[in-house]
Undergrad: 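Take a look at the following structure, please.
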There are 2 protein chains.
Amino acid sequence: MEKRVSEAVIRRLPRYYRYLKMLQGMGVERISSKSLGEIMETTASQIRQDFNCFGGFGQQGYGYHVGELKNRIAEIIGLNKGYQIIVVGAGNIGQALAGYRAFLQEGYEITALFDNDPHVVGGSVGDIPVLPMDDLERFIQRNRVDIAILTVPEQHAKAAAQLLCDAGIRAIWNFAPVDITLENLVCENVQLTDGLMALTYKLNAANGQ
Amino acid sequence: MEKRVSEAVIRRLPRYYRYLKMLQGMGVERISSKSLGEIMETTASQIRQDFNCFGGFGQQGYGYHVGELKNRIAEIIGLNKGYQIIVVGAGNIGQALAGYRAFLQEGYEITALFDNDPHVVGGSVGDIPVLPMDDLERFIQRNRVDIAILTVPEQHAKAAAQLLCDAGIRAIWNFAPVDITLENLVCENVQLTDGLMALTYKLNAANGQ
DNA sequence: TAGATTGTTAATCGATTAACAATC
DNA sequence: TAGATTGTTAATCGATTAACAATC
């Protein structure tokens, strides 16, 4: 039933969700691909093609029902299921992500942080305990963990990812500046520094370098 | 001389830089596009095409000199220039980014954070002072600021971006979950939540949803 | 019914990959 | 010189855009 979904489409799904949520919050009940395209600065064609990967949720002559479409996309992404997340590496970024409210609202719950530093182990970030790395494997075995956020220093990232994979984790959101690719595992490599450098390139290009 | 550089190529430049730095650190002096492609899990063709946007830096029959190639790419990105950065919004993420060491190593210096919360204003993050938002415009006028990191709450993001743009900022690295697009300004919208959702989709797709 | 807008097929465009002459 | 590997042109592939019949 579903066609093959390209990486480009997958990346646009959360953005559709975000705009539909905003429109719903504004009280908009129906929208055409044309209007949505204007708001999102994309083409109506692209929107209809994208939705068509998952079947038609519109009505000819009417357009799309905002609330229903939003719910359908949430379901496609899998937001209805709820997820338990651990953060591996309780440094600056790890702690910041653990305290980020927006995730909670979409059904993501962070249950524990892990670190080796005795200054943070035993403490907590908000209500979330910081546990020693030695407990990581056992924790995963005894608790449901759907996703691991990886925020350890660069030199430990590959080993930590392997450990997580061996322990049965099937999704890693990696913030270390290395590319993680492992079998039987999906991984999103964020590469913050790469993003800053891409911005830097564009800044210089815009200044007629 | 330079061809039009596509978004896809721009996004790959920092990754080339990262791998070349690693190879240099390992003492590798020369490399062919074939070997580099194997290491980076891409094709030799793509590597040669990408470099060719900026002119040829290789030598037939030999390959590329790692150190020289790394320096050329650093120069293309603009890493040789050094950048002064401010962080607007001193919450979790803002403070974490202000304390992130990796930026410093590449010539990025964070000079100030800005916030409205009296609990943080007047304090500092590491050595970096947290100043009141009211001082933002004046600070930009009196100090060199090349890039602004935007980490304010969603509802204030658009207004803060406009303020920065009006004050003369030409590059924004935006972490708020809204799309910023302004005239005369380059912007990198990070969209952390979108990334987590893309990962979620893939996790479910992998589990034979 | 007539107008609007979808779902879907066809055309276009751009990016990736392959091929190969140039040359170190 | 012969082998290796680039720079660059040509072929392929996939994604985006346009077009239009179907239909609410």
Side-chain angles (χ1 to χ4, degrees), chain A residues 1-16 19-20 23 28-73 76 198 201-202 205, chain B residues 1-16 19-20 23 28-73 76 198 201-202 205:
Chain A
M1 161 101 194
E2 289 187 11
K3 304 170 189 177
R4 197 216 149 235
V5 183
S6 73
E7 182 72 21
V9 173
I10 294 170
R11 303 233 149 260
R12 285 195 289 266
L13 286 174
R15 191 159 178 266
Y16 289 127
Y19 277 87
L20 288 164
L23 287 165
V28 178
E29 283 188 5
R30 56 171 275 202
I31 197 155
S32 66
S33 55
K34 188 164 176 288
S35 309
L36 187 57
E38 280 161 12
I39 294 167
M40 294 183 65
E41 300 193 64
T42 182
T43 63
S45 263
Q46 180 164 85
I47 290 171
R48 294 206 299 275
Q49 284 280 25
D50 284 356
F51 293 171
N52 236 238
C53 295
F54 309 99
F57 343 113
Q59 208 175 329
Q60 274 116 327
Y62 174 88
Y64 302 86
H65 186 279
V66 171
E68 191 195 307
L69 181 58
K70 189 207 77 172
N71 291 338
R72 294 291 288 273
I73 290 175
I76 290 162
Y201 174 86
K202 289 181 194 172
Chain B
M1 161 102 193
E2 289 188 12
K3 303 169 190 175
R4 196 216 150 235
V5 183
S6 73
E7 182 73 19
V9 173
I10 295 170
R11 303 234 149 259
R12 285 194 291 266
L13 286 175
R15 191 158 178 265
Y16 289 127
Y19 276 87
L20 289 164
L23 287 166
V28 178
E29 284 190 3
R30 55 170 276 201
I31 198 156
S32 66
S33 55
K34 188 165 176 289
S35 309
L36 187 57
E38 280 160 13
I39 294 167
M40 295 184 64
E41 300 193 64
T42 182
T43 63
S45 263
Q46 181 163 83
I47 290 172
R48 294 205 299 275
Q49 283 281 25
D50 284 357
F51 292 172
N52 236 239
C53 295
F54 310 99
F57 341 115
Q59 206 173 332
Q60 273 115 329
Y62 172 87
Y64 301 88
H65 186 280
V66 171
E68 191 195 307
L69 181 57
K70 189 207 77 172
N71 291 338
R72 295 291 287 274
I73 291 175
I76 290 163
Y201 174 87
K202 289 181 194 172

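Protein chains get the first letters and strands the later ones, always in sequence-line order, with residue 1 at the start of each. What's counted below: heavy atoms across the whole structure, side chains too, no hydrogens, waters or symmetry copies.
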Undergrad: Answer yes or no: are there more than 12 heavy-atom neighbours, outside B:Glu41 itself, under 6.0 Å from its atom CD?
TA: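 No, not enclosed.
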
Undergrad: Whole-Å distance between C:dA18 P and B:Ile47 CD1?
TA: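 Distance, rounded to whole Å: 13 Å.
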
Undergrad: Check B:Glu68 with B:Arg30, please: is the shortest side-chain N to carboxylate O separation under 4.0 Å?
TA: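 Here B:Arg30 does not pair with B:Glu68 in a salt bridge, since their nearest N and O are not under 4.0 Å apart.
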
Undergrad: Does any part of the side chain of B:Phe54, heavy atoms only, come nearer than 4.5 Å to the side chain of B:Leu13, both counted from C-beta?
TA: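 They are in side-chain contact.
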
Undergrad: With no angle test and no hydrogens, is the base of C:dA18 tied to the side chain of B:Ser45 by a donor-acceptor pair under 3.5 Å?
TA: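 Answer is yes: a donor-acceptor pair is held.
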
Undergrad: At less than 3.5 Å, do the side-chain atoms of B:Gln60 and the base atoms of D:dT6 form a donor-acceptor pair?
TA: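 Donor-acceptor pair under 3.5 Å: yes.
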
Undergrad: Tell me which nucleotide among C:dA19, C:dT16, C:dC24 gets nearest to the side chain of B:Gln46.
TA: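 Of the options given, the side chain of B:Gln46 lies nearest C:dT16.
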
Undergrad: Does a side-chain heavy-atom distance below 4.5 Å link B:Tyr16 with B:Leu69?
TA: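 B:Tyr16 vs B:Leu69: side chains apart.
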
Undergrad: In whole angstrom, give the distance that lies between atom CZ of B:Arg4 and atom C1' of C:dG14.
TA: 9 Å

Undergrad: Identify, between A:Tyr62 and A:Asn52, the residue whose nearest nucleotide on DNA chain C lies closer to the 5' end.
TA: A:Tyr62

Undergrad: Of the candidate nucleotides C:dC20, C:dT16, C:dT5, which contains the atom at the shortest distance from the side chain of A:Arg30?
TA: C:dT5

Undergrad: Examine the base of C:dT6 for any acceptor or donor lying under 3.5 Å from a partner atom in the side chain of A:Gln49, and report the outcome as yes or no.
TA: no

Undergrad: State, with a plain yes or no, whether a side-chain heavy atom of B:Leu36 is found less than 4.5 Å away from one of B:Tyr64.
TA: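 The answer is no; the side chains never approach within 4.5 Å.
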
Undergrad: Choosing from C:dA15, C:dT6, D:dG7, which nucleotide comes nearest the side chain of B:Arg48?
TA: D:dG7

Undergrad: In the structure I gave you, are the side-chain heavy atoms of A:Phe57 and A:His65 within less than 4.5 Å of one another anywhere?
TA: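 A side-chain contact under 4.5 Å is absent here.
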
Undergrad: From C-beta outward on A:Tyr64, which listed nucleotide comes closest to its side chain: D:dT16, C:dC24, C:dT6?
TA: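 So the nucleotide nearest the side chain must be C:dT6.
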
Undergrad: Where are the stems of DNA chain D, defined as at least 3 consecutive Watson-Crick or wobble G-U pairs with both distances under 3.5 Å?
TA: C:3-24 with D:3-24

Undergrad: What is the nucleic acid contact for B:Phe51, judged by heavy atoms within less than 4.0 Å: base, sugar-phosphate only, or nothing?
TA: nothing

